[in-house]
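Structure record follows, encoded as structure tokens.
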Protein chains: 2
Amino acid sequence: MTNNIRVERAIKNITQAELAELIGVSRQTINTIESNRYVPSTILALKIARVFNKPVEEIFKLEKED
Amino acid sequence: MTNNIRVERAIKNITQAELAELIGVSRQTINTIESNRYVPSTILALKIARVFNKPVEEIFKLEKED
DNA sequence: CAAAAATGTAAAACATACTTTACATTTGGT
DNA sequence: ACCAAATGTAAAGTATGTTTTACATTTTTG
């Protein structure tokens with residue numbers, strides 16, 4: 001799975017730490033998701049999508065190997 | 001978080017076991033998600049939503065306590 | 001009603017998410 | 001070039017997701 005969080009953050013001009021605080025997780029959690037080091041829970045995905053006002057599918061995309 | 005999987009299954013008329021096979025997880029995984037006993041990963045949510053041709057947000061909904 | 005199919009649930013084992021702390025590296029502004 | 005802010009990364013610990021096996025209960029169908 002891949003994601004567009006970095007791009008969406010750039011559009012909204014917020015840092016990883018700010019996004020983390022908006023969602024209620026640690027900055028490292030955002031960082032590792034953004035770096036594709038792990039797959040977040042659906043709750044986190046919904047919250048992230050909500051911050052960016054976009055559907056989950058526009059931010060997180062399945063890949064062939066998923 | 002709550003979900004509509006049971007309703008969507010009913011619309012499509014498929015069993016838990018069939019949904020599980022379509023997605024590539026065990027039947028118990030579907031059963032426990034459906035019973036709100038745990039929150040699936042974003043990969044699973046995307047796959048489930050894809051099976052039902054609906055956005056993730058229509059199948060999984062955040063609650064106040066999330 | 002009886003048999004079969006579907007669903008609920010539970011325990012153990014394993015895999016993965018998430019936090020915290022800490023530090024190194026990179027980027028941006030002056 | 002310097003300083004501050006932002007980002008990358010890593011290790012240890014905790015929490016939670018997922019599988020497998022197994023069995024009980026409920027629902028469906030003949």
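This structure is a prediction, so every number in the text was calculated from the model and none was measured. Just so it is clear: chains get the letters A, B, ... in the order the sequence lines come, proteins before strands, and each one is counted from 1.
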Sugar-phosphate only, base, or nothing, as touched by B/S26 at under 4.0 Å among non-hydrogen atoms: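 Base contact - B/S26 has a heavy atom under 4.0 Å of at least one base atom.
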Selection from C/dA17, D/dG8, C/dG8 that lies nearest to any side-chain heavy atom of A/V39: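 Shortest atom-to-atom distance from the side chain points to C/dA17.
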Candidates C/dT7, D/dG8, C/dC18 - which lies nearest the side chain of A/E34: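 The closest nucleotide is D/dG8.
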Restricting to non-hydrogen atoms, name the atom on [X] and the atom on [Y] that form the minimum distance, rounded to 0.1 Å.
{"X": "B/E57", "Y": "A/A49", "answer": "OE2-CB, 3.9 Å"}
{"X": "B/P40", "Y": "A/T42", "answer": "O-OG1, 2.8 Å"}
{"X": "B/S41", "Y": "A/V39", "answer": "CB-CG1, 4.1 Å"}
{"X": "B/E18", "Y": "B/N13", "answer": "OE1-O, 4.3 Å"}

ILVMFWY network linking B/I59 to B/L62, side-chain heavy atoms under 4.5 angstrom: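 Yes, one cluster joins them.
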Residue whose nearest DNA chain D nucleotide is more 5′ - A/E18 or B/R27: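 That would be A/E18.
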OP1 or OP2 of [N] versus the side-chain N and O atoms of [X]: is any pair under 4.0 Å?
{"X": "A/T29", "N": "C/dC18", "value": "no"}
{"X": "B/N31", "N": "C/dT7", "value": "no"}
{"X": "A/R9", "N": "D/dT7", "value": "yes"}
{"X": "B/S41", "N": "D/dT18", "value": "yes"}

Once you round it to whole Å, what is the distance between [atom2] of [N] and [atom1] of [X]?
{"X": "B/N36", "N": "D/dT18", "atom1": "CG", "atom2": "P", "result": "14 Å"}
{"X": "A/Q16", "N": "D/dT9", "atom1": "CD", "atom2": "P", "result": "11 Å"}
{"X": "B/L19", "N": "D/dT18", "atom1": "CG", "atom2": "P", "result": "13 Å"}
{"X": "B/Q28", "N": "C/dG8", "atom1": "CD", "atom2": "C1'", "result": "10 Å"}
{"X": "B/I30", "N": "D/dT20", "atom1": "CD1", "atom2": "C1'", "result": "16 Å"}
{"X": "B/Y38", "N": "C/dA15", "atom1": "OH", "atom2": "P", "result": "16 Å"}
{"X": "A/E21", "N": "C/dC18", "atom1": "CD", "atom2": "C1'", "result": "17 Å"}
{"X": "B/N13", "N": "D/dT28", "atom1": "CG", "atom2": "C1'", "result": "12 Å"}

Donor-acceptor side-chain pairing of A/T32 and A/S35 below 3.5 angstrom: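 No - no donor-acceptor pair under 3.5 Å links their side chains.
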Check: B/R37 side chain, C/dG8 base, donor-acceptor under 3.5 Å: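 Such a pair does not exist between side chain and base.
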NZ/NE/NH1/NH2 to OD/OE distance under 4.0 Å, A/E34 and A/R9: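 Judged by the 4.0 Å cut-off on N to carboxylate O distance, A/E34 and A/R9 do form a salt bridge.
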Axis bend over the full length of the helix from C/dC1-D/dG30 to C/dT30-D/dA1, computed from five pairs that close each end, to 10 degrees: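 Inter-axis angle at the termini of the helix from C/dC1-D/dG30 to C/dT30-D/dA1: 70°.
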